Amino acid sequence: MVTAFGRPIFQLKAWLTPFRLLLVMVAAYTFHASYMTILKHYAFRSTAWDLGIFMQALWTTSHGYGILYYTPELHVNPSGCFLGQHFSPILFLLVPIYAVFPAAETLLILQALVLAAAAVPLYFAARLHLGSEKAALMVSSCYLLYLPIHELNWFDFHFEAFIPLTLLSGWYFAERKRWIPALASFLLALSCCEFMPVLVGAFGLYYTFKALRLRLLKRGGLDDRRLLFGLTLILLGFAWFTLALNVIYSLNPGIEVAGNWRNWSGNPEEVVVKVLTNPCLLYTSPSPRDRG
């Protein structure tokens, strides 16, 4: 069968490779999620927590009225700087974009785009390990259909939207032994939030043990670069965790450590000791006496 232009219809199948199909899916997700969240905003279903917070913080920064300054939480963050509540310097990357397009729609579209874009490094990593483009497409499709991702996308705007893209990019580049882009990706992941050193440090442990395991199994010499990369991520995680807490407490000395973080203390050395001696603290909440 041929079209009116004399070209076979089946050429479309040859053009639509798994990767191109993935790009179509990413574009479709971005358009659909952006459209739905913008409609939700137009229906007065968005809130100051958290879309309004980020709109104000980015606007004040781009107009010289303070660094990520916002007002909805002055009762718990008197400095008004968002870094006193969450250490998320990745927000500074959004300032130039928001300065040009200062609107809620900008943040909603960006959030949908970065969440969808995470499927691309996941596709390449899956293709690398599975050796199949079709299998990689299935894995990426599962990510795009994953309901918690849709839930994050649906509720206003959050800095956590950048975590999948940065972590998956770091993982893919590290698997390809492209250490500089991998380190840059993991640095961006760290800049998402103060708890990211836990996840980045876990990657560091993985690559450290992987390098040592290959040596123990005598599958060649010690992979010095992989070992160095793993140790760098671990040390970087501890340093970033210390920096994040110091910045938060310097801007907001009276902040209460939420959830289980109080169990681990603010000292990196004590965190290591407690992880080894009582890991169950991770799953328990502090007692009322500890909170007081």
Side-chain angles (χ1 to χ4, degrees), residues 37 40-41 44-95 98-99 102-104 106-108 110-111 148 151-163 166 188-200 237-268 270-271 274 281-292:
T37 52
K40 177 173 176 277
H41 176 66
F44 302 102
R45 298 295 300 276
S46 54
T47 64
W49 285 272
D50 292 310
L51 182 59
I53 286 176
F54 291 106
M55 288 177 62
Q56 185 180 18
L58 294 173
W59 190 91
T60 55
T61 305
S62 61
H63 287 78
Y65 289 98
I67 298 177
L68 298 179
Y69 182 79
Y70 70 114
T71 55
E73 293 181 333
L74 288 178
H75 59 292
V76 294
N77 184 15
S79 70
C81 179
F82 185 78
L83 299 180
Q85 192 70 21
H86 291 291
F87 189 65
S88 304
I90 198 170
L91 294 175
F92 289 113
L93 297 179
L94 305 184
V95 172
Y98 198 80
T106 302
L107 297 184
L108 296 175
L110 280 174
Q111 178 169 251
E151 176 63 23
L152 172 62
N153 207 154
W154 176 250
F155 180 62
D156 286 355
F157 177 87
H158 299 86
F159 50 76
E160 288 92 343
F162 295 89
I163 295 175
T166 54
L188 286 175
L190 286 171
S191 67
C192 290
C193 192
E194 66 276 2
F195 61 76
M196 289 306 296
V198 176
L199 299 180
V200 174
F238 276 109
W240 196 276
F241 182 67
T242 303
L243 172 65
L245 291 185
N246 285 334
V247 170
I248 291 174
Y249 286 128
S250 64
L251 293 172
N252 191 6
I255 189 172
E256 287 289 332
V257 181
N260 302 347
W261 282 106
R262 188 174 212 106
N263 290 332
W264 298 92
S265 177
N267 188 317
E270 291 183 18
V271 171
K274 291 184 178 182
L281 286 174
L282 180 63
Y283 304 100
T284 59
S285 298
S287 65
R289 183 185 62 182
D290 295 332
R291 295 190 187 101

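Since the model is a prediction, treat every value here as computed from it, not as a measurement.
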With a 4.5 Å heavy-atom cut-off, do I53 and F157 have their side chains touching? no

Could you go step by step and tell me if F87 and L190 meet the side-chain contact (heavy atoms from CB on, under 4.5 Å) rule? CA-CA 9 Å; F87 189 65; L190 286 171; over 6 Å; no

How long is the span from the OH atom in Y70 to the CE atom in M55, to the nearest 0.5 Å? 16.0 Å

Once the angle between the rings of F82 and H86 is folded into 0 to 90°, is it parallel (under 30°), tilted (30 to 60°) or perpendicular (over 60°)? tilted

Answer yes or no: does atom CG of L152 have more than 12 heavy-atom neighbours from other residues, nucleotides or ligands under 6.0 Å? yes

Keeping T242 on the side-chain end and F238 on the backbone end, is there a donor-acceptor pair under 3.5 Å? yes

Run W49 and E73 through side-chain contact (heavy atoms from CB on, under 4.5 Å) and show every step you take. CA-CA 9 Å; W49 285 272; E73 293 181 333; 2.9 Å; yes

Would you sort out whether L107 and L58 count as a side-chain contact (heavy atoms from CB on, under 4.5 Å), showing the intermediate values? CA-CA 10 Å; L107 297 184; L58 294 173; 3.6 Å; yes

Minimum heavy-atom separation for C192 and F159, please, with both atom names. O-CD1, 3.4 Å

Could you report the tightest heavy-atom contact between V200 and A189, atom names first, then the distance? CG2-CB, 4.3 Å

N/O donor-acceptor pair under 3.5 Å between Q111 side chain and H158 backbone: yes

Once rounded to the nearest 0.5 Å, what's the spacing between atom CG of N77 and atom OG1 of T71? 11.0 Å

Minimum heavy-atom separation for F155 and K40, please, with both atom names. CA-NZ, 4.4 Å

Given 3.5 Å as the limit, does a donor-acceptor pair link the side chain of N252 with the main chain of V76, or not? yes

Any side-chain heavy-atom pair of F54 and Y98 under 4.5 Å: no

Test side chain to side chain donor-acceptor pair (under 3.5 Å) applied to S46 - qualifying residues, sequence neighbours left out: H41

Is there a side-chain contact between Y249 and I255, using heavy atoms and a 4.5 Å cut-off? yes

Indicate whether the side chain of T37 and that of N153 have a donor and an acceptor atom separated by less than 3.5 Å. no

Only one of L251, L83, T60 passes side chain to side chain contact (heavy atoms under 4.5 Å, CB included) with L68, and that residue is L83

Separation of S62 OG from L94 CG (nearest 0.5 Å): 11.0 Å

Rounded to the nearest 0.5 Å, what separation is found between the OG atom of S88 and the CG atom of L93? 11.5 Å

Is there a donor-acceptor contact under 3.5 Å from the side chain of D156 to the main chain of T47? yes

For S191, what residues pass the side chain to side chain contact (heavy atoms under 4.5 Å, CB included) criterion, not counting sequence neighbours? P89, I90, L188, W240

